[in-house]
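Here the structure comes first, spelled out in structure tokens, and everything after it is commentary.
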Amino acid sequence: MDSKLSRRSLLVALPAGALLAALPRDALALDVNQARALIDKALGEVNAVINSGKSEPAMFKDFEAIFVRYADVRYIAQSALGPAGRSASAADMNAYVKAFQGYISRKYGRRFREFIGGKIEVTGARPLKSFFEVKSVAYLKGQSPFEVLWHVFDKSGKNQFFNIIIEGVNMLAAERTEIGAMLDKNKGSIAALTAALKTAG
Amino acid sequence: MLKKLLPSCVCILLAVAGCARQEPGTEFNDPYEAHNRAVHADNVAIDRTLFGGGKPKKRPFLPAPIARGLANFSDNLGLPGVILNHLLQGRPDPAIRSTARLVMNTTAGLGGILDPATAVGLTEEDTDFGETLHVWGAPEGAFLVLPVAGPTTERDLVGSMVDYVIDPLHGAFPEPEKYYVAGGKFAGKVAKRQIHGDVIDDILYRSADSYAQMRLLYLQNRHYELGIEAEVFDPYEDPYGQ
């Protein structure tokens, strides 16, 4: 029964795919300048928060909001969960993604604390595989400048980043390790993992 | 003389660094994982005692400007060794820039406590004998966790032992001064633990598996320092992120 169903959906999907392929590519696809502009805009907002003179807790809230707006959190969440997500129900998956969003924005929002008193600037962009890599340099108080790379795609239909690489350290790889370890601790239960994520980060 | 000596040195070092081979299909070359995990647990216990275990309201060990000064001072003491390694790697340009940095920070930077060189664009270009071994073609070997000193690899362990011996400052100071130098380097390590406190606390005290997280971050960052191209993760080939 399954195979019949997938064959039918394949038949429906094929002409749609052909139609998409026939459209001029640049009418749809993200280009290198848009990718660069996206990160420029996101970092502009980060720098504005840094210079706003707000209290630290207020700044963290703002950083969280920026993270959620510019990152494809659903993709990052699903990728971090890996094969365990395949057998999960849609409801479990949605609850997990929602909990993951809170967790990751708290975690990385807190990380932005170090940016207070510093700045971060876009220095270049290039196409890479099927997406774009935007290069930036962070100048933090009392530290040597270091490189931060942003991987940008439009898989969800919106231009968003899906990975950050800070001096070689890859956010997706780190989250896959972390979520994998949390899932093990919760004996493979996605519901228990979701509950644990609500207080983690 | 040096030319004749170099190949035999490389051979010995290759033999030492290459003693554990990577198993095909494993993500990390970590054959001593059980032992490493036990050492890591001890290290975390020591860190928790000394640095508070990631409690949010902890008072910093040192006032921030003091910590910065100590870290700068210890970095400056490391520069002669850095310059030597740049030269051993056949990289004269960073050796020259690091020499200018050493001169500037030792004089205008009051013996290395301040870092005016970074402000004029002579930023830190750190290296060590572990990198020199990499440049010479030695394999990385297994991942290791040392008591107190923490994560390293077989190649980097050999590298840090060689760095100790070939350091131009080694034996350059008489009796009392050489203890100040050793003390300065140690204080620099403590200061850096404090400066990078949030990041380290996150790894050690907020991860579900701090060993796995530390191993991943250490190796990724080390490969980046060594200029080893990381595998690029392609989201369109990811079967899980839909």
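Chain letters run A, B, ... following the sequence lines, proteins first, then strands; residues in each count from 1. Atoms considered below: every heavy atom in the structure, side chains included; atoms not considered: hydrogens, waters and symmetry mates.
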Is any NZ, NE, NH1 or NH2 atom of the basic residue among B:Arg193 and B:Asp201 found under 4.0 Å from an Asp or Glu carboxylate oxygen of the other? yes
Got a salt bridge between B:Arg222 and B:Glu140, using NZ or NE/NH1/NH2 to carboxylate O under 4.0 Å? no
So, are B:Arg91 and B:Glu131 salt-bridged, with charged N and O less than 4.0 Å apart? yes
For chain A, which residues of residues 65-81 of chain B have at least one non-hydrogen atom nearer than 4.5 Å to it? B:Arg68
Which residues from residues 117-125 of chain B are near chain A, with near meaning under 4.5 Å between non-hydrogen atoms? B:Thr123, B:Glu124
Check whether B:Ala230 gets within reach of chain A through its side chain, its backbone, both or neither, counting any heavy atom under 4.5 Å. neither
Compare every heavy atom of B:Met104 with every heavy atom of B:Pro116, then report the nearest pair and how far apart it is. O-CE, 4.1 Å
Looking at B:Phe143 and B:Tyr32, what are the two nearest heavy atoms and their distance? O-CD1, 4.3 Å
For B:Leu217, is it the side chain, the backbone, both or neither that has a heavy atom under 4.5 Å from a heavy atom of chain A? both
Kindly assign one of parallel, tilted or perpendicular to the pair A:Phe162 and A:Phe153, based on the angle between their ring planes and the thresholds 30° and 60°. tilted
Quick one: of A:Ala80, A:Gly82, A:Pro145, A:Ala200, who has the most non-hydrogen atom pairs under 4.5 Å with chain B? A:Gly82
Under 4.0 Å between a side-chain nitrogen and a carboxylate oxygen: does that hold for B:Arg37 and B:Asp30? no
Does either side chain, that of A:Glu45 or that of A:Tyr70, offer a donor lying less than 3.5 Å from an acceptor on the other one? yes
Of the listed residues (A:Lys185, A:His151, A:Lys129), which shares the most heavy-atom pairs with chain B below a 4.5 Å separation? A:Lys129
Side-chain (A:Tyr96) to main-chain (A:Ala77) donor-acceptor, under 3.5 angstrom: yes
Verify the distance criterion only: is there a donor paired with an acceptor across the side chains of A:Thr177 and B:Asp209 at less than 3.5 Å? no
Using a 4.5 angstrom heavy-atom cutoff, name the option from A:Ala174, A:Gly85, A:Ala84 with the most pairs to chain B. A:Ala174
Choice from A:Glu133, A:Arg86, A:Met182 maximising heavy atom contacts with chain B below 4.5 Å: A:Arg86
For chain A, the option from B:Ala212, B:Ser207, B:Ala64 that forms the most heavy-atom pairs under 4.5 Å: B:Ser207
Non-hydrogen atoms of A:Ser130 and B:Tyr236 that approach each other most closely: OG-CD1, 2.7 Å
Residues A:Leu81 and A:Leu193: closest non-hydrogen pair is CD1-CD2, 3.8 Å
Looking only at heavy atoms, which two atoms of B:Leu219 and B:Phe28 are closest? And how far apart? CD1-CD2, 3.5 Å
Say whether, by atom type as modelled, one donor and one acceptor occur between the side chain of A:Gln34 and the main chain of A:Asp31 under 3.5 angstrom. yes
Measure A:Leu128 against the heavy atoms of chain B and call it side chain, backbone, both or neither at under 4.5 Å. side chain
Heavy-atom pairs under 4.5 Å with chain A: which of B:Gln220, B:His223, B:Glu225 has the most? B:Gln220
If you count heavy-atom pairs under 4.5 Å with chain A, which of B:Ile195, B:Asp115, B:Asp202 comes out on top? B:Asp202
